[in-house]
Each structure stands twice: as structure tokens, then as C-alpha cells.
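The next block holds one structure in the form of C-alpha cells; read it before the comments.
Quick caveat, the model's predicted, so the values are computed rather than measured. Both backbone and side-chain heavy atoms feed into the values below; hydrogens, waters and symmetry mates do not.
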2 protein chains.
Amino acid sequence: MALKMRKNVSPKPPESCPLTECMKIIGGAWTPNVIWSLRGGPRRFSELRVDIPPVSPKVLSTRLRELEERGVLTRTIMPTSPPSVEYALTPLGSRLIPAIEAIVEVGHELKERGLAH
Amino acid sequence: MALKMRKNVSPKPPESCPLTECMKIIGGAWTPNVIWSLRGGPRRFSELRVDIPPVSPKVLSTRLRELEERGVLTRTIMPTSPPSVEYALTPLGSRLIPAIEAIVEVGHELKERGLAH
DNA sequence: CGGGATCCTTTTTGATACTG
DNA sequence: CAGTATCAAAAAGGATCCCG
């Protein structure tokens, strides 16, 4: 016995499920951008569209609904005229910022090394 | 002038491009799992398949090629018999670990809160 | 063992147009 | 303004079989 005496019998990824779970959140198209845009404070639908020009209204609203469902952001209807809706990060949503920053950092390096595709 | 005196004229996401760039790396199916499996040291193709049972050989090899191309990992053919191939994280690849850990952490919380889907 | 080649299905995204 | 509806297009992933 003890045939395969590799140092790494498998790092054991018990967190790989939460990983997948969280990737579903930030993995959607434009999702990181939405969170990034909200990091400085609440923003309205049309403001987000300006922040992220290439996103279509359909995809944006889809992302926003998903993120609200998962407790990443809140949707508040402001009693103004014309009516407006504000989106803001929840505390949980804010916790995604460091993760995204880490990703940004590596992405940055990738560009510098010309490894971006 | 100064019509829109919102506090956040837009957090300005200049890094949103590297962000997208990096998301392309870790955004693929099973990619985080691959990196996670390699975090403890080099692994072979078939070992990765064991670590990540649901991944098909096609997708796994696709991911590995992408990751190699982007300098995240190295591919080394070992002169053994039968021949084997080892994959290992590069220093750049290792820098993704903290990012993934941050993601895992939030994913973990999501599960606890029952917000996972 | 370590994949490449195919083919097919599912999931996602995008473009437009239209409404309360 | 803040979306929804519809339709079409495209990625992405999965299943298999095969080969050096």
C-alpha cells in the first residue's frame, strides 16, 4: 500500500461548491462591471447603462434581478417624478469588491505581459 | 452647470478591461477548480480528472490549453513510461489563488444564508 | 496515458421594438 | 425613466469515439 506517495494526494477542494456558487454570481456578462459601478454608491438604471455602454437593457435588468435575488444588491424605488430606481450594494455585495479587485490586479498584469487575448 | 451633483459621477472603472480580461480566464467552466487543484503542486491530466470528476476530457484539455497560453500554468511532458504530463501553476497563476479564495469566501456565506441557487 | 475530432444540446447574449 | 417581449445568434459545454 501507499503506492501513490505524491505529496499532493489532492489539495481537497471542499469549498469548490461555494466557489461554483459564487462564480455563478460574478460570472455573468457585465456582472463585475455592475458591482464595480455600484462600489462608489447607489446608481440608477440609466446611469448604469452609461457606465457600461455595451450592455443591453435586457441583459442589465436580468443581471440586476439576479443580483437582487442573491442579496448582492438592493432595488429601491424613489418617489420622485419622473420615478427612478436606485440600486445599491448590500454589505454582502460589498464583500465582492476585494475579490473583484484581486481579479482586476491579475488582469492588469496579464495586459502588461501581453498575454491578454 | 453642475446639474447632476451626485456624489458618484461614476466610480470610473478604468480597470474594467483587465477585469474582463481576467474574467475570461477564471470564468470558464471548471477553471477555478483546475487552479484550485494545482494550488498544492503539479498534477497530471488524469489526476485532475479525478479531482474534478464531472469535467469531460475535452473541456479539461481546452481549459488547460487556455491557461497555458495565458501564462497561468505550465505543461511539462515527463519522460516516463507510460508518458505523463504535469501541469503546474506559474507565479502569475498563483496570484489567482487569493482572488479565488475571496470568491470562495463569499460563496460560502451565500450558502449559509440560503441564497445559493 | 493524454488528448484531438465530431456532433449536438443547452445556455447565454445581443438587437430591436414596444409599454406603463 | 425603467424596464419587458420577442426573436435571432452565438458561445459554451457535454457526449462519444478514436488515435498516437
Side-chain angles (χ1 to χ4, degrees), chain A residues 3-4 6 10 16 19-35 37-38 42-70 73-88 117, chain B residues 3-4 6 10 16 19-35 37-38 42-70 73-88 117:
Chain A
L3 285 178
K4 296 183 150 189
R6 279 195 141 243
S10 165
S16 70
L19 203 185
T20 303
E21 209 45 63
C22 188
M23 283 307 294
K24 279 189 213 157
I25 296 182
I26 65 171
W30 312 117
T31 305
N33 307 262
V34 169
I35 297 173
S37 280
L38 291 176
R43 299 207 46 85
R44 293 164 42 187
F45 192 85
S46 47
E47 292 179 316
L48 290 171
R49 292 205 62 187
V50 173
D51 291 343
I52 316 162
V55 74
S56 73
K58 174 197 161 184
V59 172
L60 180 56
S61 83
T62 301
R63 286 298 96 85
L64 290 170
R65 267 186 283 113
E66 292 169 356
L67 293 172
E68 187 192 2
E69 238 185 304
R70 291 173 187 257
L73 55 78
T74 58
R75 178 176 182 275
T76 312
I77 302 174
M78 309 297 282
T80 59
S81 77
S84 65
V85 180
E86 280 206 344
Y87 295 90
H117 286 202
Chain B
L3 285 180
K4 297 183 151 191
R6 282 196 139 241
S10 167
S16 71
L19 203 186
T20 302
E21 208 44 61
C22 188
M23 282 307 293
K24 276 188 214 159
I25 297 182
I26 65 172
W30 313 116
T31 304
N33 306 261
V34 169
I35 297 173
S37 279
L38 291 177
R43 305 228 9 106
R44 292 165 43 187
F45 192 85
S46 45
E47 290 178 318
L48 290 170
R49 291 204 64 187
V50 173
D51 292 343
I52 318 162
V55 74
S56 72
K58 172 199 165 184
V59 172
L60 179 57
S61 82
T62 302
R63 282 302 93 85
L64 290 170
R65 265 187 283 114
E66 292 169 357
L67 292 172
E68 186 191 3
E69 239 186 305
R70 288 167 189 263
L73 55 78
T74 57
R75 178 175 182 274
T76 312
I77 302 175
M78 310 296 284
T80 59
S81 77
S84 66
V85 181
E86 280 205 344
Y87 295 90
H117 286 202

So do the side chains of [X] and [Y] get within less than 4.5 Å of each other, counting heavy atoms only?
| X | Y | answer |
| --- | --- | --- |
| A:Thr31 | A:Val34 | no |
| B:Ser61 | B:Phe45 | yes |
| B:Val55 | B:Trp30 | yes |
| A:Glu21 | A:Arg70 | yes |
| A:Glu69 | A:Leu67 | no |
| B:Tyr87 | B:Leu64 | yes |

[X] vs [N]: side-chain N/O to OP1/OP2 distance below 4.0 Å:
| X | N | value |
| --- | --- | --- |
| A:Tyr87 | D:dC1 | no |
| A:Arg65 | D:dG3 | no |
| A:Arg44 | D:dA2 | yes |

query = Quick one: A:Leu60 CG to D:dC1 P, roughly how many Å, whole number?
reply = 14 Å
query = Taking all atoms of both residues into account, what is the closest heavy-atom pair of A:Pro42 and A:Glu86, and its distance?
reply =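 Answer, listing the atom of A:Pro42 first, then A:Glu86: CB-OE1, 3.4 Å.
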task = Return the minimal non-hydrogen interatomic distance between B:Leu48 and B:Ser37, and the atom names on each side.
result =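 So the two residues come closest at CD2-CB, 3.8 Å.
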note = B/S/- along nucleotides 8-20 of chain D (protein heavy atoms under 4.0 Å) is -----BBB-----
ask   = To the nearest 10 degrees, what angle separates the axes at the start and end of the helix from C:dC1-D:dG20 to C:dG20-D:dC1, five pairs each?
value =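 Inter-axis angle at the ends, rounded: 50°.
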task = Measure from the side-chain N and O atoms of B:Thr80 to the backbone N and O of B:Pro82, and report whether any donor-acceptor pair falls under 3.5 Å.
result = yes
request  = Could you tell me whether A:Arg65 and A:Glu68 have a side-chain N and a carboxylate O separated by less than 4.0 Å?
outcome  = no
remark   = Taken to the nearest 0.5 Å, the spacing of B:Ile26 CD1 from A:Met23 CE works out to 4.5 Å
query = Using a cut-off of 4.0 Å on non-hydrogen atoms, how would the nucleic acid contact of A:Arg49 be classed: base, sugar-phosphate, or nothing?
reply =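 Result for A:Arg49 = nothing.
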note = Ranking A:Pro83 and A:Thr62 by the position along DNA chain D of their nearest nucleotide, the one closer to 5' is A:Pro83
request  = Please find the earliest and latest nucleotides of DNA chain C, in the 5' to 3' direction, that have an atom within less than 4.0 Å of any heavy atom of chain B.
outcome  =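 Result: C:dC1 to C:dC7.
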